[in-house]
Amino acid sequence: MSIHEIVLALSLVGFFGYALVSKKRDFVWISSIGILLTLWLKFLGWTGTLQFFGILIEVIIVSAILSYLYRSFLILVLPEKLSKEVSTAPLTAAFGLLMITIYAFVGIFGPALAPYGEAEVIADAFAFRNEEMLLGADQIGRDFFSRLIYGTRNTVGLALAATLAAFVVGTIGGLLAATQGGRLDQIMGRIADVIMSIPSLIFALLLLSILGPKWWVLIIAVGIIYAPRVFRLTRAVAGNIVVMDYIEAAKLRGEKNSYLIRKEILPNVTAPLVAEFGLEFCFVFLLIAGLSFLGLGLQPPTADWGSMVRENATLITYQDSTPLIPAAAIALLTISVNFVVDWVLFRSSGLKE
Amino acid sequence: MDGLAFLIIKRLFYGLLTLLALSVIIFFMVELLPGDTATSLLAMGKTEETLAAMREQMGLDRPAVVRYFEWLGGVVQGDFGNSMVRGVHTSKGVSDMANVSVISIISERFMNTLFLATYAAVIAVPIAITLGVLIALLRNSVYDRIANVLTLTSISSPEFFLAYILILYLALKTGLFPAISTIKDDMTFFESLERTFLPALTLVLVCIAHMMRMTRAAIINLLASPYIEMAQMKGIPPWKVIVRHALPNAWAPIINVVALNLAYLITGVVLVEIVFVYPGIGQILVDAVTLRDFPVVQACCLIFATTFILLNLIADVVAIVTNPRLRHPK
């Protein structure tokens, strides 16, 4: 029996004991099903699967501990107002925050962390992993690990810039439509309708075919595709605020539109917009990952997670899962952001009630 | 009943208008390019005279608006023009065929894509709705939490990640299913079902996650309404509350969810086709984008977007038909 199997067995028995002691019916069910399933798999001799579940449990336990520590760290370090907010975060959100911090760190200090250059050819194509190359070499002999690190900056940075573009356009449009109303509002609404009636990937492909795969085209394309979604939300939220009495008062004082937007409306729409930013980022990130997987994202030799998967996909045929690491990195960041967004949404909706 | 017919016709008219706007976008975006089809066809050795002759022959010397209506007229009759890249896409392996008609490239593969999407939908829709309703009834329990984490993981993973994991574990390590889904005409129905199982499963996994979450939200939203509470307080058994009181009003949101996700399938199919080398329309689209073969890009985009709009249109019409409140707007 390997250590992973022992961990699995111990945690299942411990869970079952906890369920019995605390008299939680669902937990008893789940743990007994888990124990039966484990015994059955053991009987079948699927040790690989059992070890996988053992490792899964280890990972979950370790990340729970790390998230807890990180949350405590944040509560101590941050100024009082923020630390109060953070102390309400569930472990999942703390985990999300931890992951986002790590990604940001790797993204900012990438070149200093990477052992080799982004486009530096140092070995044979698909060379095996060794002490110098943690994850082996890619399809033309560049260090996979270094490219993974450089990819953080490129892929996440591009997605962030694109989301920001969509946000700036969408928010400004939404605020203008809400304050001006009338024909401008109508026209913008119709344009948003038409853009949103086209599937995002298809629209992106159309734009890329016309302007060619360049990084600024990606930003513009994403900006056009996702701005209407932000516009809709901003328009709806700001629309509720525009009819408030204090806006009326400000108008009667003779304030200009720019003042109204900056001082009266914007502070009140920030919370939903922050949550929306996280959600949109996830969509944009996945869209850009898909496009670069199709070879239409950042062009070589720039390291980029989506294209790294595609370029090294041959390795998967030999049952080597290294090319899946960038894809897993994409999934992990998206999940983390989603966890944080869930918490922010819960907080902002809870505060309103 | 006249009111209902009028509402539906109005909605259909809006759909048609959207389609028209779409065709304008798709056509004129390509027009924005510097240079025209003649320039790019005569990339080498063009002179002013040959260019002018080519333009006249292709009708490019006339204003864009005229050409738009001609193009639209062709599209309505299934004529999308000719491919600009010589014979790259032809499945028959013809290498030097200038001016292959787009429709001949697309039509066969469109059926393949439709087959894959239908396959995925037939599996995904019943499972997702059943699970979604169950999870909504068990909301805030442990099962709900587990389902939440699982669906979130599935949604957050790029399609190609899921696809490669399935290839790695279900095709390469265990050999249960073929890793590559090339299908041929002479295969029986069940053979092609087996061949396309993995791409369909990838789509099913992502689609189920989306659909479950949306169904859950729709049902929970419904269960919070006062008349459900009233029914519960009357002492009606829970299953009767669901079947008699909740479900009749749940159909519209559920159908909406289904339509939205079928529309999602349309874009998901592109990436999945690439991973599994499935001969569908998505692959053609990506190839055409890389080669900048605009007539093909235009045709594919138009087909994908039309399907998307049609599905949304159907959802809206069904919502109008099943919901009396929408039928009699104030």
Side-chain angles (χ1 to χ4, degrees), chain A residues 24-27 29-30 48 92 190-191 193-213 282 285-287 289-291 293-296 305-306 309-310 313 316-321 323-324 326-339 342, chain B residues 14-15 17-19 21-22 24-26 29-30 32-33 138 141-143 146 148-149 152-162 164-165 167-168 172-173 179 263-264 266-268 270-271 274-275 282 285-286 288-294 296-298 300-301 303-305 307-309 312:
Chain A
K24 283 188 174 148
R25 181 194 283 257
D26 294 337
F27 285 9
W29 270 111
I30 292 176
T92 46
R190 288 292 90 76
I191 293 176
D193 279 348
V194 171
I195 293 177
M196 281 173 75
S197 72
I198 309 174
S200 53
L201 183 68
I202 305 301
F203 200 12
L205 286 174
L206 180 68
L207 284 170
L208 282 170
S209 76
I210 291 165
L211 299 170
C282 290
F285 195 43
L286 287 178
L287 175 69
L291 287 174
F293 176 76
L294 297 175
L296 298 165
W305 287 343
V309 178
R310 181 76 180 281
I316 298 172
T317 338
Y318 301 104
Q319 306 197 6
D320 182 349
S321 49
L324 291 183
I330 295 170
L332 186 60
L333 181 59
T334 321
I335 294 172
S336 304
V337 173
N338 263 315
F339 278 156
D342 267 0
Chain B
Y14 273 130
L17 217 61
T18 319
L19 272 178
L22 191 77
V24 169
I25 292 181
I26 289 178
M29 262 194 180
V30 176
L32 284 179
L33 278 174
L138 294 170
S141 71
V142 197
Y143 306 107
I146 295 175
N148 182 30
V149 171
L152 196 66
T153 313
S154 174
I155 288 174
S156 307
S157 311
E159 287 91 348
F160 56 85
F161 184 46
L162 284 177
Y164 277 128
I165 286 181
I167 290 186
L168 196 60
L172 297 172
K173 292 212 168 161
Y264 159 78
I266 298 170
T267 44
V270 175
L271 283 162
I274 297 287
V275 176
L285 174 57
V286 175
V289 170
T290 323
L291 297 167
R292 312 188 79 178
D293 188 354
F294 299 116
V296 177
V297 174
Q298 280 176 332
C300 291
C301 285
I303 289 175
F304 275 121
T307 329
F308 192 79
I309 291 175
N312 282 320

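Convention: sequence-line order gives letters A, B, ...; per-chain numbering from 1.
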Quiz item: Do the side chains of B:Val297 and A:Leu205 get nearer than 4.5 Å, heavy atoms only?
Solution: no

Quiz item: Would you say the side chain of A:Ser197 lies within less than 4.5 Å of the side chain of B:Asn312, judging by non-hydrogen atoms?
Solution: no

Quiz item: Looking at B:Ile167, B:Ile155, B:Leu17, B:Leu168, which has the largest count of heavy-atom pairs under 4.5 Å with chain A?
Solution: B:Leu168

Quiz item: Taking all non-hydrogen atoms of both residues, which atom of B:Met29 and which atom of A:Phe203 are closest, and how far apart?
Solution: CE-CE1, 3.7 Å

Self-check item: Gap separating the CZ atom of A:Arg190 from the OH atom of B:Tyr14, nearest 0.5 angstrom
Solution: 6.5 Å

Quiz item: Which heavy atom in B:Phe294 sits nearest to a heavy atom in A:Ser209, and how many Å separate them?
Solution: CE2-O, 3.2 Å

Quiz item: Below 4.5 Å, heavy atoms only, C-beta onward: do B:Leu285 and A:Ile202 meet side chain to side chain?
Solution: yes

Exercise. Please look at A:Leu287 and chain B and tell me whether the side chain, the backbone, both or neither of the residue comes under 4.5 angstrom of a heavy atom of that chain.
Key: neither

Quiz item: In terms of the angle between their ring planes, are A:Phe293 and B:Phe160 parallel, tilted or perpendicular, with boundaries placed at 30° and 60°?
Solution: parallel

Exercise. Flag the pair B:Thr18 / A:Asp193 as yes when at least one side-chain heavy-atom distance between them is below 4.5 Å, and no otherwise.
Key: no

Practice problem: Hey, could you give me the CD1/CD distance between A:Ile210 and B:Gln298, rounded to the nearest 0.5 Å? | Solution: 8.0 Å

Exercise. Select one option (side chain, backbone, both, neither) describing which atoms of A:Leu294 are under 4.5 Å from chain B's heavy atoms.
Key: both

Quiz item: Under a 4.5 Å heavy-atom cutoff, which of A:Ser200, A:Pro326, A:Ala328, A:Gly212 has the most pairs with chain B?
Solution: A:Ala328

Quiz item: With side chains defined as the heavy atoms from C-beta onward, is the minimum distance between B:Val149 and A:Ile335 less than 4.5 Å?
Solution: no

Quiz item: Considering all heavy atoms of both residues, which atom of A:Ala313 and which atom of B:Tyr164 are nearest to each other, and what is their separation?
Solution: CB-OH, 3.3 Å

Exercise. Determine, stepwise, if the pair A:Trp29 / B:Val142 fulfils side-chain contact (heavy atoms from CB on, under 4.5 Å).
Key: CA-CA 11 Å; A:Trp29 270 111; B:Val142 197; over 6 Å; no

Exercise. Check whether any side-chain heavy atom of A:Ile30 lies under 4.5 Å from a side-chain heavy atom of B:Tyr143, and answer yes or no.
Key: yes

Exercise. Would you mind telling me which of B:Ala21, B:Ser157, B:Cys300, B:Pro158 has the largest number of heavy-atom pairs within less than 4.5 Å of chain A?
Key: B:Pro158

Quiz prompt | Residue, of A:Val337, A:Thr317, A:Val194, A:Leu206, that accumulates the most heavy atom pairs under 4.5 Å with chain B | solution = A:Leu206

Practice problem: Side chain from CB out, backbone as N, CA, C, O: work out which of these in A:Phe285 comes under 4.5 Å of a heavy atom of chain B, or both, or neither. | Solution: neither

Quiz prompt | Euclidean distance, B:Asn148 CG relative to A:Asp342 CG, rounded to 0.5 Å | solution = 6.5 Å

Self-check item: Closest non-hydrogen atom pair between A:Leu286 and B:Ser156, with its separation
Solution: CD2-O, 3.4 Å

Exercise. Flag the pair A:Tyr318 / B:Leu172 as yes when at least one side-chain heavy-atom distance between them is below 4.5 Å, and no otherwise.
Key: no

